[in-house]
Number of protein chains: 2
Amino acid sequence: MRKLGLVPTIQRLAVLEYLENNHTHPTAEEVYQGVRDQFPSLAKATVYNVLDALKKAGGIQELTIAREAARYDYNPSPHPHFLCRVCGNLYDVDLPCSIRPGDEICGHLVEVAQVYLHGICVQCQKQNSQNKNESKTGVRRSSVSTKRRDDAGAP
Amino acid sequence: MRKLGLVPTIQRLAVLEYLENNHTHPTAEEVYQGVRDQFPSLAKATVYNVLDALKKAGGIQELTIAREAARYDYNPSPHPHFLCRVCGNLYDVDLPCSIRPGDEICGHLVEVAQVYLHGICVQCQKQNSQNKNESKTGVRRSSVSTKRRDDAGAP
DNA sequence: TATCCATATTAGAACTATTATAAACTTAGA
DNA sequence: TCTAAGTTTATAATAGTTCTAATATGGATA
């Protein structure tokens with residue numbers, strides 16, 4: 001924390017530890033809920049402050065891939081992200097970005113480069129084809145959840 | 001409009017025409033203000049509805065590069081965008097995207113691919129070096145605006 | 001042209017993520 | 001320990017977007 005030039009408060013350490021243990025790209029709300037279990041006095045504004053401070057210090061990165069809420073990635077190095085429109089899971093994609101910070105594009109100086117992909121993740125594609133096959137043979141099962149799973153994470 | 005499978009109402013035509021004439025990637029609010037000049041009865045909810053309908057029909061694209069508000073691009077084909085953190089202008093970048101709709105990445109099916117770049121645009125870099133030189137020679141001028149300019153647009 | 005139905009628009013309220021505010025509290029250095 | 005700067009807290013305020021229900025419109029049909 002001191003390497004980042006930040007005063008190491010218990011709130012900041014708790015938030016950073018939560019992100020370290022949860023590579024699910026949680027929202028500020030989810031960080032708040034998660035950290036508050038072991039830290040009931042935590043204020044939501046503090047979570048926003050801490051996430052902002054960590055982001056500005058380069059310790060984490062903020063993802064604005066979903067309009068509803070920002071998500072946070074413990075890994076600050078630039079890499080593409082994939083958001084599944086069926087389950088809502090957000091995956092890291094292990095590909096080098098073609099445009100990197102420091103590059104010049106049309107004369108513009110690039111400081112941050114984000115690649116956001118939207119579509120259907122590998123698991124939801126499988127689920128979907130399974131459901132189709134099962135409906136052909138008369139087997140029924142509950143439909144694929146459209147809500148985000150709590151155990152979401154990188155593959 | 002009919003090509004997009006949408007009923008061509010005057011509201012939809014007005015919004016689409018505004019986007020056609022303003023390649024500044026306006027927000028919903030800016031579209032609302034701009035269209036309302038010639039269409040005082042327009043409701044803001046209609047602007048949201050229309051932008052959403054156009055987006056879903058593939059006639060325009062929605063950009064979530066800035067957390068504050070979505071922006072809209074008359075050009076629906078995928079290309080990178082650059083947001084200047086000094087003037088707030090949003091520029092189209094004429095580079096082919098390395099990842100395109102239809103691709104598979106780590107098994108995930110890509111439907112939409114967005115490349116968002118943040119930094120300092122070519123004009124603001126020039127302004128900044130000008131100001132530095134002038135301050136050396138004692139010449140003063142007002143600092144670079146941090147607010148978005150109304151004549152913003154692609155170069 | 002008149003009628004009808006599905007769809008679109010309107011105005012305003014409601015919702016939600018985020019930011020601002022001001023007081024109380026920590027941290028770290030003298 | 002004392003102090004100044006920075007941080008946390010609780011709450012209010014803000015702003016973008018969505019929801020609701022009543023009204024209006026487009027366009028197919030008779």
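Proteins come first, then strands; the chains are lettered A, B, ... in the order of their sequence lines, and each starts at number 1.
A 4.5 Å side-chain heavy-atom check between A:Val86 and A:Gln125 finds every atom pair outside the cut-off.
Across the protein-nucleic acid pair, B:Phe39 atom CZ and C:dA8 atom C1' stand 11 Å apart, rounded to whole Å. Distance, A:Arg36 CZ to D:dA10 P: 10 Å, rounded to whole Å. When the P atom of C:dT7 is taken as reference, atom NZ of B:Lys56 falls 14 Å away, rounded to whole Å. Per the geometry, CG belonging to B:Leu63 stands 12 Å off P belonging to D:dT17, to the nearest Å. Counting to the nearest Å, the C1' atom of C:dT26 and the CZ atom of A:Arg12 are 11 Å from each other. Atoms CG (B:Leu54) and C1' (C:dT9) sit 15 Å apart, rounded to a whole Å. In this structure, the CG atom of A:Leu6 is 15 Å from the P atom of C:dT27, given to the nearest Å.
No hydrogens or angles considered: a donor-acceptor pair under 3.5 Å links the side chains of B:Gln33 and B:Glu29. Side-chain N/O atoms of A:Tyr72 and A:Glu62 include a donor and acceptor closer than 3.5 Å.
For A:Val50, the side-chain atoms get nearest to D:dT8 when compared with the rest of D:dT9, C:dT10, D:dT8.
Salt-bridge check for A:Asp103 with A:Arg100: failed, with every basic side-chain N at 4.0 Å or more from each acidic carboxylate O.
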Look for any protein N or O under 3.5 Å of an N or O in nucleotides 17-24 of chain C and output each such pair with its distance, or none.
{"unit_1": "C:dT18", "atom_1": "OP1", "unit_2": "A:Ala70", "atom_2": "N", "d": "2.9"}
{"unit_1": "C:dT18", "atom_1": "OP2", "unit_2": "A:Tyr48", "atom_2": "OH", "d": "2.8"}
{"unit_1": "C:dT19", "atom_1": "OP1", "unit_2": "B:Arg67", "atom_2": "NH2", "d": "3.0"}

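The shortest distance between the side-chain N/O atoms of B:Gln11 and the OP1/OP2 oxygens of C:dT10 is below 4.0 Å.
Cluster membership for A:Tyr48 and A:Leu16, using ILVMFWY side-chain heavy atoms within less than 4.5 angstrom, is not shared.
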- Sugar-phosphate atoms are those with a prime plus P, OP1 and OP2; base atoms are the rest. Using that split, label each nucleotide of nucleotides 24-30 of chain D B, S or - for protein heavy atoms under 4.0 Å, 5' to 3'. --SS---
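Other residues, nucleotides and ligands contribute at most 12 non-hydrogen atoms within 6.0 Å of the CG atom of A:Asp94.
A centroid separation of 6.0 Å or more is found between the aromatic rings of B:His23 and B:His25.
The line from NZ of B:Lys55 to CG of B:Asp73 is 13.5 Å long, rounded to the nearest 0.5 Å. A distance of 7.5 Å separates CZ of B:Arg12 from CG of B:Leu54, quoted to the nearest 0.5 Å.
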